Amino acid sequence: MNKPRIRGGPAIVLGLTTSITAYAIFYSHFQQVRDKKVMREGVARDKERIRLKRKEQQLMQQQKEGVIESRDGGR
């Protein structure tokens, strides 16, 4: 006896394979875009943190200089 053949079998497999591949490409592309955005935000946060740290150090230095000047000014 002959087994009944599905005429669209190869087309179904091809369609399924193509769909899975397209989804994998779509997913990896948007994952890379998201990762790139997160990394850029991290760089921006780091720059801001460095800026604030420098500003804080500058204020501390000014305070130290002010304390030294006030001590010397009283003599």
Side-chain angles (χ1 to χ4, degrees):
M1 272 184 135
N2 288 338
K3 291 183 181 180
R5 277 185 96 187
I6 301 174
R7 288 181 169 231
I12 292 171
V13 171
L14 179 63
L16 185 61
T17 304
T18 303
S19 298
I20 291 171
T21 302
Y23 174 75
I25 292 169
F26 174 81
Y27 176 78
S28 65
H29 170 72
F30 283 101
Q31 185 71 23
Q32 287 176 351
V33 169
R34 188 183 66 86
D35 290 346
K36 189 174 182 180
K37 181 181 176 186
V38 168
M39 285 191 281
R40 284 184 178 172
E41 289 171 354
V43 170
R45 281 192 309 269
D46 289 347
K47 285 182 178 181
E48 181 65 15
R49 187 176 14 189
I50 290 169
R51 185 187 69 78
L52 291 173
K53 187 173 183 179
R54 286 182 181 162
K55 186 176 180 180
E56 183 179 319
Q57 288 174 344
Q58 187 179 23
L59 289 173
M60 297 268 295
Q61 185 64 32
Q62 288 175 354
Q63 288 176 350
K64 283 182 182 179
E65 290 172 0
V67 169
I68 292 171
E69 289 175 7
S70 66
R71 286 183 187 171
D72 291 344
R75 291 184 182 174

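Any value given below was found using the heavy atoms of this structure, including those in side chains, with hydrogens, waters and symmetry copies removed. Nothing here was measured: the structure is a model prediction, and the numbers come from that model.
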A.B. asks: T21: which residues meet the side chain to side chain contact (heavy atoms under 4.5 Å, CB included) condition with it, sequence neighbours left out?
C.D. replies: T17, I25
A.B. asks: Hydrophobic cluster mates of I20, side-chain heavy atoms under 4.5 angstrom, ILVMFWY only, any path?
C.D. replies: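 For the cluster that includes I20, the remaining residues are L16.
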A.B. asks: Ring pair (Phe, Tyr, Trp, His ring centres under 6.0 Å) with F26: which residues, sequence neighbours excluded?
C.D. replies: F30
A.B. asks: Considering residues at least two apart in sequence or located in another chain, which fulfil the side chain to side chain donor-acceptor pair (under 3.5 Å) criterion with Q57?
C.D. replies: none
A.B. asks: Please go through Y27's hydrophobic cluster and name the other residues, only I, L, V, M, F, W, Y counting, with side-chain heavy atoms under 4.5 Å joining them.
C.D. replies: Y23
A.B. asks: For D46, enumerate each residue passing the side chain to side chain donor-acceptor pair (under 3.5 Å) test, keeping only those at least two apart in sequence or located in another chain.
C.D. replies: R49
A.B. asks: Only pairs at least two apart or in different chains count here, so list each salt bridge (Lys or Arg N to Asp or Glu O under 4.0 Å) that has a residue in residues 24-42.
C.D. replies: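 Passing the test, one end in residues 24-42: no pairs.
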A.B. asks: Listed by chain and number, what are the salt bridge (charged side-chain N to carboxylate O under 4.0 Å, His left out) partners of R51, not counting sequence neighbours?
C.D. replies: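 With sequence neighbours excluded, R51 shows a salt bridge (charged side-chain N to carboxylate O under 4.0 Å, His left out) to E48, given in chain and number order.
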A.B. asks: Once side chain to side chain donor-acceptor pair (under 3.5 Å) is applied, do any residues pair with Q61, and if so which ones, sequence neighbours excluded?
C.D. replies: E65
A.B. asks: Rounded to the nearest 0.5 Å, how far does CD1 of I50 lie from CZ of R54?
C.D. replies: 6.0 Å
A.B. asks: Residues in side chain to side chain contact (heavy atoms under 4.5 Å, CB included) with S28, at least two apart?
C.D. replies: none
